[in-house]
Amino acid sequence: MALLRGGDQPGWGPEGRGSIGCHHAHGILKVPFQIPMQLEKVYEPQQFEPRWAEWWRNSTFFQPSNQPADARPVFSLVIPPPNVTGSLHMGHMLEHSEIDVTTRWHRMKGHNTLWLPGTDHAGIATQMVVERELAKEGITRQSLGREAFEAKVWEYKELHGGTILRQMARIGESVDWSRTRFTLDEGLSRAVRTVFVNLYRKGLIYRGPYMVNWDPKLQTALSDLEVVHEKVDSKLWHFRYPVKDSEEYVVVATTRPETMLGDTAVAINPRDPRYLHLHGKSVLLPLMQREIPIILDEMADPEFGTGCVKITPAHDPNDFEAAMRHNLPLIRVIDEHARISGEGGVYAGLDRYEARERVLADLEAQGLLERAEPYELSVGKSQRTGVVVEPMVSTQWFVRTRTLADKSIEAVEQGRTVFVPDNWTKIYYDWMRNIRDWCISRQLWWGHRIPAWHCHDCHGITVAMEDPTRCEHCGSVNIAQDTDVLDTWFSSALWPFSTLGWPEETEDLKKFYPNTLLITGFDILFFWVARMMMMGIECMGDVPFRTVYIHGLVRDAERQKMSKTKGNTVDPLEIIDQYGTDACRLTLLLGAAPGTDIVLTDERLASSRAFANKIWNAARFLFLNMERAGVEPWMPEERAFYVPHVDPATGEAPLEDRWIFSRLNHYAGVLNKAIDSYRYHEVAQQLWAFFWGDFCDWYVELKKLRFQENSGLDHHWKNILTVFECSLRLLHPVMPFITEELWQRLRREGDGRAESICLTRYPEADPSVQDARAEAEIETLQNLIGAVRNLRADLGQDPKKKIEAVIYARGTAARVAQSQLEALNRLATIDATVHEGSAPALKGAVKSSPDFDILLQVPAAELEAQRQRVLKDQAQLEKVIANSQRQLSNEAVVSKMPAHVVDNLRAKLQEYEEKHQKNQEALTALAV
RNA sequence: GGGCGGUUAGCUCAGUUGGUUAGAGCGCCUGCCUUACAAGCAGGAUGUCGGGGGUUCAAGUCCCUCACCGCCCA
């Protein structure tokens with residue numbers, strides 16, 4: 001395709017098919033397809049979004065520079081890595097839309113901007129998916145063996161792992177694809193190993209037998225966070241334990257009868273006089289016939305149950321602590337499969353719930369079950385499998401979190417990292433202050449293998465950066481690597497720096513760490529954000545990010561949380577097929593007020609698409625009229641802000657131009673501020689208000705009067721194209737596709753502009769562009785037109801019928817009515833005669849305000865509706881006038897009010913009174 | 001049990017440090033296919049801002065209390 005010079009571009013004749021926008025830039029890329037100037041009547045994003053997405057994907061637009069000499073301010077952010085085998089859901093769509101708005105904006109602000117993409121290996125989730133796949137063929141991972149299974153998972157990852165990244169590319173996310181990372185990459189694995197070895201050597205990672213949450217289905221330990229608590233109706237059973245050498249028995253209460261098989265003590269509170277006489281004695285544990293001591297411990301709450309508690313150290317976290325304090329033996333009566341172990345006497349081999357029934361029956365038979373009362377308890381279930389977790393003593397690896405958490409708290413207290421919205425700060429503190437050591441080992445096969453080797457001879461542990469051949473303690477070669485892998489979140493915790501090349505001292509790391517921002521969901525505040533804080537501070541000596549923005553949840557039309565199990569999930573790609581990416585983004589962002597959830601409905605999506613359609617049609621209108629006027633594609637040279645071109649005849653810019661440039665300037669200010677403070681709903685809403693409410697509804701309507709055949713590129717066209725092009729740039733971060741599509745049509749080879757709108761400058765506000773007078777005048781014009789429309793609607797007049805009108809106007813209104821008579825007549829569908837000054841006594845259809853009186857020539861029969869309206873307005877006015885007078889007449893009150901409030905109030909009162917007066921006159925006029 | 005958030009128009013939600021007659025989108029009603037857009041245009045209706053109490057000249061906004069809903073933690 002040949003490049004075209006400005007002068008001989010096709011697309012301007014009646015044939016109208018050109019190739020505007022094709023160009024080379026530094027010989028890198030050119031727009032690889034034809035872009036006609038004429039637009040289809042209906043906005044069909046499906047027709048052009050994939051093309052731009054592909055073009056961006058193959059470009060270098062989103063690659064920042066890591067050169068030290070590059071002095072631009074840096075903006076950096078890493079993606080919350082989605083599960084590698086997953087696909088895009090609405091939660092991602094929202095999160096990525098917010099991130100994309102922010103990164104595109106920073107890029108347009110001229111910042112050196114990095115959005116780093118990638119995926120997480122998601123240990124448990126991925127292993128489960130693959131196991132489920134294999135199960136269909138009747139294969140278990142055990143039958144395959146570890147190596148073969150790992151190979152299968154990699155195979156699966158290669159096959160399905162790219163889905164989510166491909167989807168991100170399709171929807172045009174402005175990520176730097178050249179820096180894509182995966183948590184099991186070689187580089188990231190190196191980082192994981194380095195951190196593990198360093199922390200181990202510092203004593204911040206240790207191994208030992210402690211109480212953990214055991215998932216009997218997955219056969220692995222879990223961290224506290226991976227357990228979700230659920231309230232269920234159950235019972236509190238009261239057992240009698242006979243006191244040895246006595247007729248007495250103690251009554252203990254429990255929610256888990258089957259654990260009594262592993263009881264090794266009964267505790268009473270040292271301050272509980274009811275039981276003190278039992279101290280030093282022992283009880284004979286029923287069913288097991290084991291003698292166990294009665295001990296004194298604060299954990300026995302005199303207020304709860306009977307005040308006596310049974311202690312099962314191997315299967316309850318609190319009992320485990322008590323056992324440590326009192327040196328009690330641990331008896332594991334429940335095994336890894338949640339069945340009663342060999343220590344469980346006759347119950348051995350039974351499932352835990354079966355055992356519960358049997359224990360209860362047997363105790364009852366022996367008269368030792370005193371009673372059972374209804375009780376609501378909270379059971380811990382595995383986040384992944386939903387199976388009730390078994391608290392169990394097990395030898396696992398842990399991160400010692402106390403000092404890491406303290407430093408992480410301090411960092412936020414010092415303001416080095418800020419949470420938005422602010423309420424998350426407290427939640428973060430609370431969690432960090434009550435943090436427990438983090439169980440990081442998992443009995444899985446998919447993940448980062450723990451770099452520790454156990455010696456079969458001396459039982460010492462060797463932890464090393466390079467795989468050892470000998471035990472570092474005794475030199476034995478009889479060593480084997482630990483079979484466990486690390487919790488997925490361990491590698492995720494390193495993501496902000498491992499992705500930048502750490503532990504190497506890379507240019508990326510120097511440039512982009514700490515990240516400027518993190519945008520993520522509250523559901524992983526503890527799993528991920530908190531742990532990144534700890535690891536970032538520990539490994540890098542600085543926080544991982546300066547700001548954390550926490551977004552809400554996407555809900556369905558019934559306000560229900562979207563979940564696969566509920567089956568109410570919505571596939572973003574299907575939504576996009578139907579409404580387009582831009583409309584989908586806009587819908588999500590319109591709902592994304594900080595701290596609130598987002599409700600997604602078809603109505604909202606349709607309304608967002610309507611907005612995109614509005615932009616499309618505004619462009620279509622401009623382009624059509626450009627052809628008529630003989631105007632070629634044009635856009636202003638790139639600046640931060642613009643002042644309107646003047647009419648060479650008068651030396652002044654037309655009123656509507658001065659006004660729209662002032663409005664544009666205002667919105668640029670509002671938008672920059674809103675994006676900078678993560679107020680995405682406001683961004684979307686303000687764009688809507690400006691483009692639809694100001695640009696389309698008024699500016700374009702006013703400009704219609706100015707268009708002339710073959711006018712060429714006059715000041716009117718320069719102004720309208722400047723505003724339109726700025727609008728596209730303002731819209732671009734939110735609606736990247738439609739803005740690129742339209743912008744490219746205005747671009748011409750050699751006009752010195754960037755090759756894509758995403759590389760242009762985001763408009764800014766400047767006080768010099770503000771034009772209060774123009775704004776006041778247009779507002780007056782809008783009031784005049786509104787008054788007429790309102791009046792004629794009340795009079796039931798045909799909107800198409802031109803009505804004769806007489807207008808008496810004063811001050812600004814007089815000036816505007818005279819100078820903008822043509823606009824007034826056209827937009828109000830009237831034929832007006834304008835007089836300056838106050839109106840004589842009128843009769844007929846009158847609408848009055850302090851600034852003007854309007855008389856429409858209609859039959860007297862039509863006036864009653866209008867009379868009713870004015871009467872209603874009067875009642876309202878009388879109320880507010882009385883209110884204002886009451887406040888202003890009280891000197892004590894007035895003296896306490898700030899001066900500007902008093903002035904405001906006085907001005908308002910005067911305005912109300914004038915309106916009231918004018919209404920009174922109108923009522924007289926209407927009473928024909 | 002501890003904590004956090006919410007309750008504003010029929011629906012979903014905005015509402016900045018207390019200060020104009022409380023807003024938007026959708027929906028609804030009326031009239032228009034006015035040649036950019038019916039995915040549109042013009043006009044309109046609808047709110048004791050969850051209940052009660054308090055502070056203040058002034059409260060949707062601050063305080064107390066109650067009710068209901070949701071979430072997090074143990």
Side-chain angles (χ1 to χ4, degrees), chain A residues 39 41-43 224-225 228-229 304 317-318 376 378 380 421 423-424 426-427 430-431 434 522-523 525-526 553 555 557 559 561 579 583 587 590-593 595-625 673 677 679 681-682 684-686 688-689 692-693 696-697 700-701 704 785-786 788-801 826-829 865 869 873 876-877 879-881 883-884 886-898 900-902 904-905 907-909 911-912 915:
Chain A
L39 297 179
K41 186 171 178 186
V42 175
Y43 164 70
D224 296 331
L225 280 177
V228 288
H229 295 270
F304 182 82
N318 292 321
E376 185 191 63
S378 160
N423 61 305
W424 296 105
K426 190 180 177 312
I427 294 166
D430 285 349
W431 190 75
N434 298 311
F522 59 83
D523 50 331
L525 182 65
F526 307 142
L553 219 58
R555 296 176 177 274
R559 284 206 111 263
K561 189 172 164 177
Y579 298 99
T587 306
L590 274 166
T596 63
D597 291 343
I598 290 94
V599 178
L600 192 71
T601 64
D602 280 326
E603 291 77 21
R604 284 162 179 240
L605 286 159
S607 115
S608 293
R609 185 186 49 189
F611 180 64
N613 186 53
K614 189 76 182 175
I615 301 171
W616 184 261
N617 276 291
R620 187 161 162 260
F621 175 76
L622 290 188
F623 295 170
L624 277 168
N625 281 285
K673 214 166 131 193
S677 48
R679 303 174 62 81
H681 72 299
E682 196 178 315
Q685 195 218 315
Q686 295 291 326
W688 191 301
W692 201 319
C696 291
D697 286 351
V700 170
E701 291 304 323
K704 281 179 178 173
I785 293 166
V788 175
R789 284 172 173 174
N790 176 305
L791 182 55
R792 68 185 295 151
D794 276 341
L795 297 169
Q797 294 299 301
D798 178 355
K800 277 178 303 183
K801 191 177 136 203
R826 183 190 154 108
L827 295 184
T829 330
R869 173 179 303 282
D873 196 35
Q876 191 62 246
L877 279 169
K879 227 166 74 181
V880 290
I881 286 169
N883 213 355
S884 305
R886 186 171 48 74
Q887 283 194 35
L888 285 170
S889 63
N890 189 336
E891 253 323 302
V893 171
V894 172
S895 62
K896 272 193 241 175
M897 283 194 235
H900 73 275
V901 175
V902 178
N904 215 336
L905 211 52
K908 278 292 150 194
L909 176 58
E911 194 185 315
Y912 300 149
K915 267 192 192 168

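Each chain gets a letter, A, B and so on, in the order its sequence line appears, and its residues count up from 1.
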(message) Generate the contact string for nucleotides 14-22 of chain B. Rules: B means base contact, S means sugar-phosphate contact only, - means no protein heavy atom under 4.0 Å.
(response) SS---BBB-
(message) Strictly under 4.0 angstrom, non-hydrogen atoms only: write out the protein contact profile of nucleotides 34-47 of chain B, one letter per nucleotide from the 5' end, B, S or -.
(response) --BBSBSSSSSSS-
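Using C1' as the reference atom, B:A59 and B:U12 are 25 Å apart when rounded to the nearest Å. B:C64 and B:C11 have their P atoms separated by 30 Å, given to the nearest Å. B:U61 and B:G18 have their P atoms separated by 11 Å, with the value rounded to a whole Å. Comparing the same atom, C1', in B:C41 and in B:U34 gives a spacing of 8 Å after rounding to whole Å. Taking atom P in both B:A24 and B:U56, the straight-line distance is 35 Å, to the nearest Å. Separating the C1' atom of B:G54 from that of B:A14 is a span of 28 Å, rounded to the nearest Å. Between B:C49 and B:G40, the two C1' atoms lie 33 Å apart (nearest whole Å). Remark: the separation of the P atoms in B:U35 and B:A42 is 14 Å, to the nearest Å.
Using a 4.5 Å cut-off on side-chain heavy atoms (C-beta onward), A:V788 and A:L791 make no contact.
A:Q685 is linked by a side-chain contact (heavy atoms from CB on, under 4.5 Å) to A:L590, counting only residues two or more places apart in sequence or in another chain. In this structure, A:K41 has no salt bridge (Lys or Arg N to Asp or Glu O under 4.0 Å) partners at least two apart in sequence or on a different chain. With sequence neighbours excluded, the residues forming a side-chain contact (heavy atoms from CB on, under 4.5 Å) with A:T829 are A:R792, listed by chain and number. With sequence neighbours left out, A:D798 forms a salt bridge (Lys or Arg N to Asp or Glu O under 4.0 Å) with no residue at all. Looking at residues two or more places apart in sequence or on another chain, you find a ring pair (Phe, Tyr, Trp, His ring centres under 6.0 Å) between A:F611 and A:W688. Residues forming a ring pair (Phe, Tyr, Trp, His ring centres under 6.0 Å) with A:W431 (at least two apart in sequence, or on another chain): A:F526. Residues satisfying the salt bridge (Lys or Arg N to Asp or Glu O under 4.0 Å) test with A:K673, not counting sequence neighbours, are none. Scored by the side-chain contact (heavy atoms from CB on, under 4.5 Å) test, A:N625 finds A:F621, A:R628, A:F707, A:W717 as partners (sequence neighbours excluded).
Comparing A:N423 and A:Q797, the nucleotide of RNA chain B nearest to each residue sits closer to the 5' end for A:N423. Both A:W688 and A:K426 lie near RNA chain B, and the one whose nearest nucleotide falls closer to the 5' end is A:K426.
For the pair A:I598 CD1 and B:C26 C1', the interatomic distance rounds to 17 Å; values are reported in whole Å. When the C1' atom of B:G5 is taken as reference, atom CH2 of A:W424 falls 9 Å away, rounded to whole Å. Rounded to whole Å, the distance from CD on A:E682 to C1' on B:C13 is 14 Å.
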(message) For Watson-Crick and G-U wobble pairs within 3.5 Å on both distances, what is RNA chain B written in dot-bracket notation, | included for inter-strand pairing?
(response) (((((((..((((.....[...)))).(((((.......))))).....(((((..]....)))))))))))).
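Within the 3.5 Å criterion, the main-chain N or O of A:R609 finds no donor-acceptor partner in the side chain of A:N613.
Summarising the geometry of A:W424 relative to A:F522, their closest heavy-atom pair is CH2-CB, 3.1 Å, with the distance given to 0.1 Å. Residues A:L553 and A:D597 approach most closely at N-OD1, 3.0 Å, considering heavy atoms. Scanning both residues, A:A583 and A:S608, for their nearest heavy atoms gives O-CB, 3.4 Å.
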(message) What verdict does the side-chain contact (heavy atoms from CB on, under 4.5 Å) test give for A:V42 and A:W616, after you've listed the backbone C-alpha separation in whole Å, the side-chain angles of each residue and the deciding distance to 0.1 Å?
(response) CA-CA 8 Å; A:V42 175; A:W616 184 261; over 6 Å; no
Between the protein and nucleotides 72-74 of chain B, which nitrogen or oxygen pairs are less than 3.5 angstrom apart?
none

